[in-house]
Amino acid sequence: MQNESHHEVELQNQYSAIIRSLSGDIHLQIRDWQLFHQGLALNALAPHLNIDYLQASWAHPRGILDGVALRLLYSNYDLHLAHSPATFIESFVFEVLEQIRVESTCPAELKGSKENVQKQFIAWMQEFMANGGVEGSIGLLLLSIFCMVWVKLNQRPIPELMQDVVEATRAGLAEDIGPYLVQLKDNQSDQVSYAKISLGLAQLVSKLINKEYQNVPSIRTKQKNISNTFLKIEWTQPPSHSSQSEKRGHASTSHAKQSLERSLGQYKVFNPAYDIEIEAKKSIRQAQLAIYQNELNEAIAKLDIPWGKLIRSYQNIFNTTTLKRRETTQTEGLIDRRYLTHIATAPLDPVLYQHPSKKIEALGRVTLLIDCSGSMKDQRLKIAICVDALVRILEQAHIQTEVLGYSTKTWQGGRPFKEWRKGGQIPNPGRLNERAHWIFKDFQTHWRKARPGIAALLRPEIYAESVDGEAVLWAAQRLQKEGGHGDLHKKLILFSDGCPMDRATIEANGEYFLKNHLLQAVEWCKQQNHFELWGCGIGDELRPYFPNRLSWNQETEDLTECLINWYKELKTTKI
């Protein structure tokens, strides 16, 4: 599985909490070092707020976090998007000017935030200069304009070294830029008026850059000048206002769910007749299964797992409650008031007493879904240890568990693939492999009796290719069918190392056929109110799509630490 350490997960959760605390916006989250707001990625913020800089030695993390929070607090995103120009340079300048406005209007009572964002903006400009950003004419022009606007709105100077770099350019621009600076200062508290002035300034900058190319007399010199004016800034242009508004509008209506249901319904399977759903231990000889179980037992015995402490901790997460009841008609204890008349009529009756008893009621169910693809084979012992230990802890904490897995019965397509080829290879046939869904433990089987089934995870032959989307929906539907208390907490945890991979299906349907179906399945799970979807070890390409994630450190052999970390991570999202 892919690495994402507990430290990274915890740090991202802490950073997200800081932004939410200052902005008052509960919909913001940092996932895999990307910003998400109401399920949509925020990639088009000003470059000095790049989330990657949170880990840079030169940056001021609190300045980045406070800058994002202030933007959510004091800028209307839809209004900003409505005024944003279409060209790259103009929209870039427009974005930076809006962020400068927001940071400059930070109220006096947030003195610390004001200092943080100013330090970060200056640090970014200095880093931009140090990395050669002002060696080209475009970079120098933009830095000069940003400095001029920042100084005007914040009413404070920039460092002397930076002043020396931009002085000549600033002097040359003073006549053209001066009127804009005055208007920006006068309207910095009015986003609409400020946006109109910013748009005019962005268009002026674009004209100045175009003029730079028009003055070049020859093609050879022009090509050389293009390399010299290259913009060394990482930034993503925002989507058009219409497309973004459409996304946000649909997200708040039932149309999104209906659209998703239609998309899921369009997923095709060429021939499901060869698919299997089977208890994993039934596919292994008893003698071999005993060997696997012995190997698993020995590996767990070597670990110093604090079972009692972890059981109490996990029980706490799921709010497992202790209900006090009375055991009646006892021969000793407190007198049962219902039998007071018996004291006079039958004083020797031995069943006149009652005493309190405790009954634990589980309010949680957890499904562990294991990706049994070939790339997971080398880690199967480590995964089996973690799964067995986690199931034991949860079951003794009175949380019911189910352990499922998924793979294919063959490599590179099975009998459906052969049928498809014989039938003329129609385009877009759908899934062409034989799906295998493995049941290692069901909800009705206690951990002690289910251990042979969990040990089946050590069988190398079950690891083949993977069809993740179908497996996620299968596990989710099984979890939803489980009845219980109305407030029952349910979690589905997917253990996987990356994107779905079934070579025959991908070659016949395109590279994104299986991946898109998985993303649709994940989105469907996020819309359900009855359970939470978690990911563990999810690859870099898919990790941002999982709002809830558990860490996985492939290098460490300390699996006890892994179990403790999972408790801490699950605790942060306690319902």
Side-chain angles (χ1 to χ4, degrees), residues 1-6 9 279-281 283-284 288-314 317 366-397 399-407 438-442 445-463 475 491-497 534-538 549-570:
M1 292 196 292
Q2 298 289 321
N3 274 358
E4 186 180 28
S5 69
H6 171 67
V9 172
E279 290 185 47
K281 65 181 182 180
S283 65
I284 308 174
Q288 184 62 56
L289 190 61
I291 294 173
Y292 291 147
Q293 188 170 357
N294 186 57
E295 181 182 356
L296 182 58
N297 291 341
E298 290 179 353
I300 293 178
K302 294 177 182 178
L303 302 176
D304 186 20
I305 299 177
W307 297 108
K309 179 180 177 181
L310 286 172
I311 289 168
R312 290 190 296 272
S313 298
Y314 278 85
I317 294 174
V366 174
T367 295
L368 308 180
L369 178 61
I370 317 299
D371 172 10
C372 297
S373 59
S375 55
M376 299 278 282
K377 186 189 299 184
D378 292 340
Q379 300 186 66
R380 64 186 185 278
L381 177 58
K382 184 175 179 180
I383 294 170
I385 294 171
C386 286
V387 168
D388 185 90
L390 184 58
V391 168
R392 174 179 174 178
I393 291 168
L394 292 175
E395 292 265 335
Q396 294 194 36
I399 300 158
Q400 290 184 303
T401 62
E402 182 168 68
V403 182
L404 307 174
Y406 62 96
S407 61
W438 307 101
I439 301 174
F440 299 103
K441 176 193 176 300
D442 58 32
T445 306
H446 190 269
W447 163 75
R448 292 188 183 279
K449 292 185 178 180
R451 295 199 74 201
I454 296 174
L457 278 164
L458 298 180
R459 186 191 183 200
E461 288 78 13
I462 69 173
Y463 293 84
K491 300 183 189 295
L492 168 57
I493 304 176
L494 171 63
F495 293 80
S496 179
D497 65 347
W534 287 71
C536 180
I538 303 299
R549 300 190 307 280
L550 299 178
S551 60
W552 180 265
N553 193 336
Q554 188 171 332
E555 282 72 30
T556 183
E557 296 296 329
D558 190 353
L559 300 184
T560 300
E561 181 183 353
C562 184
L563 294 168
I564 294 173
N565 289 339
W566 288 351
Y567 153 68
K568 293 177 181 177
E569 291 152 13
L570 288 165

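Values below: all heavy atoms of this structure, side chains included; hydrogens, waters and symmetry mates excluded.
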From [X] [atom1] over to [Y] [atom2], what is the distance, rounded to the nearest 0.5 angstrom?
X: Cys386; Y: Ile300; atom1: SG; atom2: CD1; answer: 9.0 Å
X: Cys536; Y: Ile383; atom1: SG; atom2: CD1; answer: 8.5 Å
X: Leu492; Y: Trp534; atom1: CG; atom2: CH2; answer: 12.0 Å
X: Arg380; Y: Ile462; atom1: CZ; atom2: CD1; answer: 9.0 Å
X: Leu404; Y: Leu368; atom1: CG; atom2: CG; answer: 8.5 Å
X: Glu4; Y: Asn553; atom1: CD; atom2: CG; answer: 11.0 Å

Is Arg392 close enough and on-axis enough to Trp307, meaning under 6.0 Å and within 45°, for cation-pi?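 Yes, Arg392 lies over the aromatic ring of Trp307.
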Cation-aromatic face contact Lys281/Trp438, 6.0 Å, 45 degrees: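 No, cation not above the ring by the 6.0 Å, 45° rule.
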Determine whether Leu494 and Tyr406 satisfy the following criterion, side-chain contact (heavy atoms from CB on, under 4.5 Å), listing intermediate values before the conclusion. CA-CA 11 Å; Leu494 171 63; Tyr406 62 96; 3.6 Å; yes
Determine yes or no for a side-chain-to-main-chain donor-acceptor pair under 3.5 angstrom, with [X] supplying the side chain and [Y] the backbone.
X: Asp388; Y: Ala384; answer: no
X: Tyr314; Y: Ile393; answer: no
X: Tyr463; Y: Leu457; answer: yes

Result of checking Thr367, Val387, Val403 against Lys441 for side-chain contact (heavy atoms from CB on, under 4.5 Å):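 Of the listed options, the one satisfying the test is Val403.
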Partners meeting side-chain contact (heavy atoms from CB on, under 4.5 Å) with Leu381 (sequence neighbours left out):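 Glu295, Ala299, Ile385, Leu458.
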Pairing residues for Trp566 by the ring pair (Phe, Tyr, Trp, His ring centres under 6.0 Å) criterion, not counting sequence neighbours: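 Expected list: Phe495.
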Do you know which two heavy atoms are closest between [X] and [Y], and how far apart they sit?
X: Pro460; Y: Tyr292; answer: CD-OH, 3.5 Å
X: Ile305; Y: Ala389; answer: CD1-CB, 4.2 Å
X: Ile439; Y: Asp442; answer: CG2-N, 4.3 Å
X: Leu369; Y: Ala475; answer: CD2-CB, 4.0 Å
X: Ile284; Y: Ala280; answer: CG1-O, 3.8 Å
X: Glu395; Y: Thr445; answer: OE2-O, 4.3 Å

Less than 4.5 Å apart, side chain to side chain, heavy atoms only: is that true for [X] and [Y]?
X: Leu559; Y: Leu563; answer: no
X: Phe440; Y: Pro452; answer: no
X: Asn297; Y: Arg451; answer: yes

Under the rule for salt bridge (Lys or Arg N to Asp or Glu O under 4.0 Å), what residues qualify as partners of Arg459, not counting sequence neighbours?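 So Arg459 forms a salt bridge (Lys or Arg N to Asp or Glu O under 4.0 Å) with Glu461.
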Cut-off 3.5 Å, side chains only: do Glu569 and Asn565 have a donor facing an acceptor?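 There is no such pair between these side chains.
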